[in-house]
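Let me begin by presenting the structure, written as structure tokens, before commenting on it.
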Amino acid sequence: MKKNVIPKEGVYYIYSIYQQILPELLVRDLTKLFYDIEMPLIPCLYRMEKRGIKIDIQFFKQLTKELEKEIFSLQKEIYQLSGIVFNLNSPKQLAEVLFDRLKLPIPKGKERSTASEVLIELLPYSPIIEKILRYRELNKVLTTYLKPFPEMCDENQRLHTYFDQTKTSTGRLASLSPNLQNIPVRGELGQKIRKGFISEEGYLLISADYSQIELRILAHITEDENLIDVFLQDKDIHTTTAAKIFKVKEEEVKEDMRRFAKMVNYGLIYGMSDYGLAESLRLKKEEAKEFMENYLNSFPKVKEWREEVIRKAKEEGYTKTLFGRPRYFPALLSPNKTLYEQAKRQAINAPIQGSAADIIKKAMVEVDRKLIENRFNIGLILTIHDELLFEIEKERIEEAKEIIKETMENIYPLKVPLKVNIGIGKNWQEAHS
DNA sequence: GCGATCACG
DNA sequence: ACGTACGTGATCGCC
């Protein structure tokens, strides 16, 4: 969609569309969602789009040069090792080189894929693999972010995204042209790129992110005593889960056990099966099954809730978030088992992901309003699902920080506290706490 | 225009 | 026996 352009004819239809929609809103009990969240959000999103975020164009161009150099030499090495020049960006051609020409084994169940997850398993078989993985990483970042962004800036070196309020099935926002919700953050390269997103002279960026908002919402919705307890005591949820699924004391939880537990916790929100858990953690199916059982026994209401939400979705045809946002699941009646199972997982996930979206949207409207009321110069500039990014004049940082944290944490009281981490810096890397 | 891939939450 | 973790957007090759 072309941004900032409303077709002239479209304006005349808005009132008649409103007249058609109003009875529907009433029937489906959506007036609160519409008037309290989505409508007030529109001017807030408009201001964010208009403000944009500043990037350091020189920094982007310099990094582009460096990456192009490394990519060129990687390319040369890869052609040398394979003994043929081909299009590295073509998965089809790459598969031919790896599996036919170099006769590398195809990991079972993976079927000639060249996805990084498969390539990692091939690392021991040829020195070409690590070079391909590095090439992929660099080329991705180069073509998706580093090269296009300087071209997309306005005269003040600011990038303006476009938020689509109607696109997702869960109630989240979508960010496009450019998407500023998938800027790299992981690894050294990600951290480096985030240094290129900067504040204006005399300003600083404030990043405020909800800590584990989806798991807190899970605790609230399921009313599971053990899960609620973890958050009331402000304990580390992943460590607690690790202790329960490994059946050890919390003091005995090691780093990799915590990492496993983190995947189990999020897997649960996504409706993951024991098989899926085994896949992603490279476990034996029996082990994964045991972890799942240990988890569900430790948090019994979570298990009950998962069953209940599916039963209700089948009966009524939809799920609802905390603010009544529905998502419909026609596939729960599908004879196609794949579609049916997928719909079940989506039905578990939608109320959680969607409720988090409801809450952050309400917080956005309220924080934006307060910052304007208090005459801050810029304010809210980005939302990345559970993080809000602000640009604030240096002299008033502490004042803004208080307003932001207080508003976000108290916007909608749950049975567990909402916790917000705040970071401040002259670039996004520094601010992202 | 779609599938594969991979960036994020 | 089956198929197997939710939600997105951008880029590229290929038909």
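So you know, we letter chains A, B, ... as the sequences are listed, proteins then strands, and number each from 1. Note that the structure is a prediction, hence the values are computed from the model and not measured.
Using a 4.0 Å cut-off, no side-chain N or O of A/K167 falls inside it from OP1 or OP2 of C/dG7. Residue A/S113 places at least one side-chain N or O closer than 4.0 Å to OP1 or OP2 of B/dT5. Phosphate contact (OP1/OP2 of C/dT4, side-chain N/O of A/R345, threshold under 4.0 Å): absent. Considering only side-chain N and O atoms, A/Q93 lies under 4.0 angstrom from the phosphate OP1 or OP2 of C/dC14. Contact check, A/T383 against B/dG9: no side-chain N or O comes under 4.0 Å of OP1 or OP2. For A/S116, no side-chain nitrogen or oxygen approaches OP1 or OP2 of B/dT5 to under 4.0 Å. At the phosphate of C/dA10, neither OP1 nor OP2 sits under 4.0 Å from any side-chain N or O atom of A/N179. Between A/R136 and the phosphate of B/dT5, there is no side-chain N or O to OP1/OP2 separation shorter than 4.0 Å. Contact between the side-chain N/O atoms of A/T144 and the OP1/OP2 oxygens of B/dC6 is not found at any separation under 4.0 Å. Taking 4.0 angstrom as the limit, A/R327 places a side-chain polar atom (N or O) nearer than this to OP1 or OP2 of C/dG7. Contact annotation: A/N139 side-chain N/O to C/dT11 OP1/OP2 distance is not under 4.0 Å. Close to B/dG9, at under 4.0 Å from its OP1 or OP2, lies no side-chain N or O of A/Q353.
Of the nucleotides present, B/dG9 is the one that pairs with C/dC6 by Watson-Crick or G-U wobble criteria, both distances under 3.5 Å.
The nucleotide whose nearest atom lies closest to any side-chain atom of A/N349 is, among C/dT4, C/dC6, B/dT5, C/dC6. Residue A/R172 places its side chain closer to C/dG7 than to any other of B/dC8, B/dC6, C/dG7. Counting only heavy atoms from C-beta on, A/M263 has its side chain closest to C/dA5 among B/dT5, C/dA5, C/dG7. Proximity note for A/N89 (side chain, C-beta onward) versus B/dG9, B/dC8, C/dG13: the nearest is C/dG13. With B/dA7, C/dT8, C/dG7 as the choices, the nucleotide that has an atom nearest any side-chain atom of A/A174 turns out to be C/dT8. Among C/dT8, C/dC14, B/dA7, the nucleotide with an atom closest to any side-chain atom of A/T168 is C/dT8. Out of C/dA5, B/dC8, B/dT5, the shortest distance to the side chain of A/N182 is found at B/dC8. The side chain of A/K140 lies closest to B/dC6 when the candidates are C/dG13, B/dC6, C/dT11.
Rounded to an integer number of Å, the gap from NZ of A/K192 to C1' of B/dA7 is 18 Å. Protein atom CD of A/Q342 is 12 Å distant from nucleotide atom C1' of C/dG7, rounded to whole Å. Taking atom OH of A/Y145 as the reference point, atom C1' of B/dT5 lies 12 Å away to the nearest angstrom.
Residue contacts for A/S273: at a heavy-atom cut-off of 4.0 Å it reaches a base atom on one of the strands shown. Residue contacts shown for A/V185 are limited to sugar-phosphate atoms, with no base heavy atom under 4.0 Å away. At the heavy-atom level, A/E387 lies nowhere under 4.0 Å from the strands shown. Using a 4.0 Å heavy-atom distance criterion, A/I384 is classed as a sugar-phosphate-only contact.
Side-chain rings of A/Y295 and A/F299 approach one another, their centers coming within less than 6.0 Å.
Between the side chains of A/E293 and A/N297, no donor N or O sits under 3.5 Å from an acceptor N or O. With 3.5 Å as the limit, one finds a donor-acceptor pair spanning the side chains of A/T321 and A/D358. A donor-acceptor contact closer than 3.5 angstrom is absent between the side chains of A/T407 and A/E366. Judged by distance alone, the side chains of A/S90 and A/N87 never bring a donor and an acceptor atom under 3.5 Å apart.
With A/K301 as the fixed residue, the salt bridge (Lys or Arg N to Asp or Glu O under 4.0 Å) test singles out one of A/E223, A/E308, A/E307, A/E225: A/E225.
Going from the P atom of B/dA7 to that of C/dC2 covers 32 Å, rounded to whole Å. Taking the P atoms as reference points, B/dC6 lies 24 Å from C/dG3, given to the whole Å.
No more than 12 heavy-atom neighbours from other residues, nucleotides or ligands sit within 6.0 angstrom of CD on A/Q80.
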